[in-house]
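So the structure is just underneath, and the comments pick up after that.
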2 protein chains.
Amino acid sequence: MNKSADIFVRTKVLRKYLKDNRLSEVQFAEMIGVAHSTVNRVLNGKRNPGSKFIAGVLKNFSDLNFEQIFSYNNELPKGKKEVS
Amino acid sequence: MNKSADIFVRTKVLRKYLKDNRLSEVQFAEMIGVAHSTVNRVLNGKRNPGSKFIAGVLKNFSDLNFEQIFSYNNELPKGKKEVS
DNA sequence: TTTGGTAATTACCTTATGGTAATAATTTAT
DNA sequence: ATAAATTATTACCATAAGGTAATTACCAAA
């Protein structure tokens, strides 16, 4: 089936952001409201960000918008037709 | 622990959008690349949208932005400090 | 160099999201 | 009214995200 619809993190961008703002993974994790293990795994590509991660980032970092930090495959799912 | 960090769907908004565009749950599901059961459960508040759902919407409905369809609690997680 | 502290990584488990497929409800033709 | 589509709902299961807590790596001070 359609295997291409997940959200990814632009790890390089996020890593740079953390560095520039002198934030450790632990600090960042606390700020966005997830465990530091979650942040670590996402940064290392072992997990994709879930809705909790995404919400935490958008909620607490108003200087970051979705497209800056996140990405997704741009393939269309099977039956997609343009709307309206 | 911090139980407040998930993403919700503005079901009324989404329902109206589907109605206005004459899209059934099945059609919408196909367009965003998830099962129709997923759409149904999200619309009925029985599930929150996961990253797949969110990605599907943002990807395929460029006329919708994140804040229009989704929301999240605006409480700050425990150790949150404003950055820079 | 060892002690203490911070940061990063990972094994193990829990839980929530997503798919399948069957069922129910609703609508449209005939 | 009833058969045939279409649409919506849900039980059941698979899997991926998230938490806990232990372990490892790193680094500074004495």
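These figures come from a predicted structure and were not determined experimentally.
- Atom NZ of K19(B) and atom P of dT7(D) are 16 Å apart (whole Å).
- For the pair N60(A) (side chain) and M31(A) (backbone), a donor-acceptor distance under 3.5 Å is present.
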**OP:** Could you encode protein contacts along nucleotides 5-11 of chain C as a string, one character per nucleotide from 5' to 3', using B for base contact, S for sugar-phosphate-only contact and - for no contact, with a heavy-atom cut-off of under 4.0 Å?
**Re:** --SSBBB
Subject >> side-chain contact (heavy atoms from CB on, under 4.5 Å) between I69(A) and F61(A), intermediate numbers included >> reply: CA-CA 11 Å; I69(A) 298 297; F61(A) 292 89; over 6 Å; no
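- Judged by distance alone, the side chain of Q27(B) and the main-chain N or O of S24(B) form a donor-acceptor pair under 3.5 Å.
- Of the possible donor and acceptor atoms, one in the side chain of N44(B) sits under 3.5 Å from a partner among the backbone N and O of N40(B).
- A donor-acceptor pair is defined here as one N or O able to donate and one able to accept, closer than 3.5 Å; no such pair exists between the side chain of R47(A) and the backbone of T38(A).
- In this entry the distance linking CZ of R22(B) with P of dT6(D) reads 17 Å, nearest Å.
- Rounded to a whole Å, the CZ atom of F53(B) is 18 Å from the C1' atom of dA17(D).
- Atoms CD1 (I54(B)) and C1' (dA17(D)) sit 13 Å apart, rounded to a whole Å.
- Both L23(A) and L43(A) sit in one connected hydrophobic cluster of ILVMFWY residues. Membership requires side-chain heavy atoms under 4.5 Å apart, directly or through other members.
- Rounding to whole angstrom units, CD1 of residue I32(B) and P of dT17(C) are separated by 14 Å.
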Original post:
Where do F70(A) and L58(B) land on the side-chain contact (heavy atoms from CB on, under 4.5 Å) test, with the steps shown first?
Top reply: CA-CA 11 Å; F70(A) 302 104; L58(B) 297 179; over 6 Å; no
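- If you measure from atom CG of D6(A) to atom P of dG18(D), you get 11 Å, rounded to the nearest angstrom.
- Overall bending of the helix from dT1(C)-dA30(D) to dT30(C)-dA1(D), expressed as the angle between end axes built from five pairs apiece, is 30° (10° steps).
- Atom CD1 of I32(B) sits about 10.5 Å away from atom NZ of K52(B), to the nearest 0.5 Å.
- Candidate nucleotides dA17(D), dG19(C), dG19(D) were compared by shortest atom distance to the side chain of V34(A), and dG19(D) ranks first.
- In terms of modelled atom types and a separation under 3.5 Å, the side chain of R10(B) and the main chain of E67(B) share a donor-acceptor contact.
- Rounded to an integer number of Å, the gap from N48(B) CG to dA16(C) P is 10 Å.
- When rounded to the nearest whole Å, the span between CZ of R47(A) and P of dC13(C) equals 14 Å.
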